[in-house]
Amino acid sequence: MDSINTLANYLTNHSASIASEVVDEIIGRFEFHIPKEEIIQAKQMYNEFIVFLADSLDCEEGSVPEVLMEWSKKNGEATAKSGLEISQILMRYPDTRIVFADYMTKLGMEYQLGTQDVVMIIKRVNHILDLSINETVFAFERYKDHLINAAQNEIKELSNPVVPIQDKIAILPLIGKIDADRTDHLLNHVVPRIQQLHIHHLIIDFSGIVNINTEVAMYIFNIQSVFQLLGIEILITGIRPELASRIVQAGIDFTTIKVYGNVKQAIENIQ
């Protein structure tokens with residue numbers, strides 16, 4: 001144990017130079033170019049990693065410094081923010097493992113550690129790398145999901161625009177593909193906004209719909225009941241023949257809703 005403590009002290013006191021040497025050797029194994037700025041960043045990160053490793057040598061088996069997890073999380077988020085794929089991180093780990101295993105074996109021999117101790121250190125290195133990989137991937141996925149959700153919400157806002165055109169009159173052009181998720185957004189976000197605008201007549205235009213199934217069509221037409229309760233008159237425009245046929249076949253009753261061929265006709269009727 002004294003030899004291990006001595007090795008841990010060596011790793012801590014020489015972490016910067018070890019990190020530089022290890023990174024240079026790892027990069028030398030790659031068959032692709034690594035930008036200089038990324039090399040500098042890698043040496044800084046592995047400097048911290050060496051300190052993490054040194055601290056973990058006297059920890060209970062399976063434990064890992066909490067700061068390592070935070071470091072890995074930031075690494076994954078930074079990769080996601082930069083637009084890189086997670087594979088560009090993962091493909092570097094095999095060479096990283098080999099270099100660290102060789103380096104720790106060499107140090108173990110220099111400090112006359114027993115085989116069992118050397119194996120323990122290499123296992124600890126691999127364990128820390130595994131946890132680091134996992135947290136990096138998890139953080140990458142979480143941030144990617146965040147970006148995707150934010151983009152989807154923005155698309156929903158853009159695809160369900162409420163356009164006031166005259167006093168107390170607005171148009172809701174439905175654009176693109178309508179699915180259950182978008183209809184939920186329509187009910188939970190668009191309806192309150194229309195109420196805030198004090199709209200009395202809302203023209204829902206279907207002419208920009210790319211695809212819509214009968215179930216979703218029924219959902220949208222049923223929303224008009226909500227508007228009626230709010231004192232808002234609904235006018236439907238732009239229903240193509242194929243959609244009208246589906247609606248009739250599904251037995252959807254929209255006789256209480258005013259339907260017009262285009263927006264111009266709807267506005268003229270209101271006036």
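Hydrogens, waters and symmetry mates play no part in the numbers below; they use all other heavy atoms, side chains included.
- A salt bridge between R142 and E135 is present, with a side-chain N of the basic residue lying under 4.0 Å from a carboxylate O of the acidic one.
- Both M91 and I27 are members of a single hydrophobic cluster when ILVMFWY side chains are connected at heavy-atom separations under 4.5 Å.
- Taking the six-membered ring wherever Trp is involved, the centroid distance between the rings of F49 and F100 falls below 6.0 Å.
- Using a 4.5 Å cut-off between side-chain heavy atoms of Ile, Leu, Val, Met, Phe, Trp and Tyr, with links allowed through other members, Y46 and I40 fall into different hydrophobic clusters.
- A heavy-atom distance below 4.5 Å is not found between the side chains of D167 and H200.
- For the pair Y111/D117, no side-chain contact is recorded, criterion being any heavy-atom separation below 4.5 Å from C-beta on.
- A salt bridge is defined here as a Lys NZ or Arg NE, NH1 or NH2 lying under 4.0 Å from an Asp or Glu carboxylate O, and K258 with E233 meets this definition.
- Checked by atom type and distance alone, the side chain of S132 never pairs as donor or acceptor with a backbone atom of I128 at under 3.5 Å.
- Among I26, V125, I133, V23, the one residue that satisfies the side chain to side chain contact (heavy atoms under 4.5 Å, CB included) test with T96 is I26.
- A continuous path of hydrophobic side-chain contacts links Y260 to I165 [ILVMFWY only; heavy atoms under 4.5 Å].
- A side-chain donor-acceptor contact under 3.5 Å links H14 to the backbone of Y10.
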**Message:** side-chain contact (heavy atoms from CB on, under 4.5 Å), that's the test. Do K73 and E77 meet it? Break it down for me.
**Reply:** CA-CA 6 Å; K73 177 181 177 181; E77 289 180 352; 3.4 Å; yes
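- Inter-residue side-chain proximity for M104 and L11 is flagged as met; some heavy-atom pair is nearer than 4.5 Å.
- D130 pairs by the side chain to side chain donor-acceptor pair (under 3.5 Å) definition with R97, not counting sequence neighbours.
- Here the side chain of S20 pairs no donor or acceptor atom with the backbone of A16 at under 3.5 angstrom.
- At least one side-chain heavy atom of I270 sits under 4.5 Å from a side-chain heavy atom of L235.
- When side chains are defined from C-beta on, L113 counts as touching I121, because their heavy atoms get closer than 4.5 Å.
- For K144, there are no side chain to side chain donor-acceptor pair (under 3.5 Å) partners two or more places apart in sequence or in a different chain.
- Here the side chains of H201 and I169 are in contact, with some heavy-atom distance below 4.5 Å.
- Residues D205 and L174 are not in side-chain contact: their nearest non-hydrogen atoms beyond the backbone lie 4.5 Å or more apart.
- Heavy-atom neighbours of E110 CD from other residues, nucleotides or ligands within 6.0 Å: above the threshold of 12.
- Side chains of T136 and I86 form a contact here, defined as non-hydrogen atoms less than 4.5 Å apart.
- F140 is not connected to F138 by any chain of hydrophobic side-chain contacts under 4.5 Å among Ile, Leu, Val, Met, Phe, Trp and Tyr, and they are in different clusters.
- Exactly one residue among I239, T237, I236 makes a side chain to side chain contact (heavy atoms under 4.5 Å, CB included) with I204. That residue is I236.
- For N47, the side chain to side chain donor-acceptor pair (under 3.5 Å) test picks out S15, with sequence neighbours left out.
- A salt bridge links K106 to E21: at least one charged side-chain nitrogen sits closer than 4.0 Å to a carboxylate oxygen.
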